[in-house]
Amino acid sequence: KAGVTQTPRYLIKTRGQQVTLSCSPISGHRSVSWYQQTPGQGLQFLFEYFSETQRNKGNFPGRFSGRQFSNSRSEMNVSTLELGDSALYLCASSLEDYNSPLHFGNGTRLTVT
Amino acid sequence: GDSVTQMEGPVTLSEEAFLTINCTYTATGYPSLFWYVQYPGEGLQLLLKATKADDKGSNKGFEATYRKETTSFHLEKGSVQVSDSAVYFCALRYNFNKFYFGSGTKLNVKP
């Protein structure tokens, strides 16, 4: 079974631009979560989608948004990029099973210059 | 609220030394517990899990036991290798669809 796939692996953007990151979950997983990882702040939860609906949201500004499609694939968008948005963005999927773990992709490394 | 606390790093050990990384949690109820490992440039990989009290998760020589009485899930390995150098995260799943992660512990193993 294929794992969680994130594209692209690397992105370089300029302040003020916007960016869209893509995530394909493991087949059969309907829950998709997004995390931001930085050296200073560690792993921070952005949001979680299930059946095309945002079910949970972390404490990030409205510049960060996401969506999920009917095939469970998900995208996240960051508008008006700031230098502080430079980070590794991780997508993870899971089953709706209390004992199931999150399965992570290898992330998208975003650098804002 | 629910949370996970793990020991600060970095932890530096010599090859073949014994490893313990402490993890304690706060949760009302019965969460599932996980350890993840992250190698440079990669995402988090599930290392092991335990889903109820007294369960022992194990994988690749690593072990952790779900201790409800002490709300702990400490990671151990009897003899670490240089290839075990990575960042380790303790996590819990609670309230069906909520995950909480510790801050991560960096392990450096020297030959």
Side-chain angles (χ1 to χ4, degrees), chain A residues 1-7 9-10 21 23-26 29-51 53-59 68 87-111, chain B residues 1-10 23 27-59 62 64 66 73 75 86-106:
Chain A
K1 208 179 231 189
V4 177
T5 304
Q6 291 188 248
T7 56
R9 282 300 308 274
Y10 303 94
L21 313 182
C23 172
S24 293
I26 291 173
H29 289 194
R30 294 164 63 194
S31 171
V32 175
S33 300
W34 289 89
Y35 289 81
Q36 181 196 65
Q37 187 177 32
T38 59
Q41 296 297 317
L43 203 59
Q44 301 288 316
F45 172 71
L46 280 154
F47 28 66
E48 183 235 355
Y49 285 86
F50 178 78
S51 290
T53 301
Q54 187 180 88
R55 189 160 62 173
N56 290 298
K57 188 177 187 304
N59 189 27
Q68 186 181 33
L88 180 66
Y89 290 87
L90 294 165
C91 172
S93 69
S94 70
L95 292 169
E96 283 295 283
D97 175 341
Y98 184 71
N99 297 327
S100 291
L102 282 173
H103 296 268
F104 285 85
N106 280 330
T108 294
R109 171 74 63 185
L110 172 65
T111 302
Chain B
D2 302 323
S3 67
V4 177
T5 303
Q6 62 181 101
M7 64 189 288
E8 299 257 343
C23 171
T28 53
Y30 303 91
S32 294
L33 302 174
F34 309 92
W35 275 101
Y36 286 85
V37 59
Q38 185 178 32
Y39 299 102
E42 298 183 8
L44 278 68
Q45 300 176 22
L46 179 67
L47 182 57
L48 52 84
K49 72 175 187 179
T51 58
K52 62 182 187 295
D54 300 323
D55 262 3
K56 177 185 281 188
S58 61
N59 186 26
F62 291 90
Y66 189 142
F73 192 53
L75 182 67
V87 180
Y88 293 82
F89 291 89
C90 184
L92 69 82
R93 180 170 187 167
Y94 180 67
N95 200 17
F96 199 51
N97 62 331
K98 291 185 184 292
F99 285 85
Y100 299 89
F101 284 85
S103 56
T105 302
K106 185 171 184 178

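Below, read A as the first sequence line, B as the second, and so on, with proteins coming before strands; counting in each chain starts at 1.
- For chain B, the nearby part of A:Ser94 is the side chain; its heavy atoms alone come within less than 4.5 Å.
- Proximity to chain B (any heavy atom under 4.5 Å) is shown, for A:Asn99, by both the backbone and the side chain.
- The choice from A:Gly105, A:Ser100, A:Gly3 that makes the most heavy-atom pairs within less than 4.5 Å of chain B is A:Ser100.
- Within the 4.5 angstrom heavy-atom criterion, only side-chain atoms of A:Gln37, from C-beta onward, approach chain B.
- Neither the backbone nor the side chain of A:Phe45 comes within contact range of chain B; no heavy atoms are under 4.5 Å apart.
- Contacts between A:Arg109 and chain B at a heavy-atom distance below 4.5 Å are absent for every atom of the residue.
- Of the atoms belonging to B:Tyr100, not a single heavy atom falls under 4.5 Å from chain A.
- Within the 4.5 angstrom heavy-atom criterion, no atom of B:Gln45 approaches chain A.
- Annotation: B:Glu8, atom CD; neighbour count of heavy atoms from other residues, nucleotides and ligands within 6.0 Å does not exceed 12.
- Contacts between B:Leu46 and chain A at a heavy-atom distance below 4.5 Å involve the side chain alone, from C-beta outward.
- Annotation for B:Tyr30: atom OH does not count as buried by contact number, only 12 or fewer foreign heavy atoms lying within 6.0 Å.
- The minimum heavy-atom distance linking B:Tyr36 with A:Pro101 is given by the pair OH-CB, 3.4 Å.
- Here the side chain of B:Arg93 pairs no donor or acceptor atom with the backbone of A:Leu102 at under 3.5 angstrom.
- A 6.0 Å sphere centred on NZ of B:Lys52 holds no more than 12 heavy atoms belonging to other residues, nucleotides or ligands.
- For a residue to count as touching a neighbouring chain, one of its non-hydrogen atoms must lie under 4.5 Å from one of that chain's; by this rule A:Leu43 touches chain B with the side chain only.
- Atom CZ of B:Phe99 and atom OH of A:Tyr35 lie 7.0 Å apart (nearest 0.5 Å).
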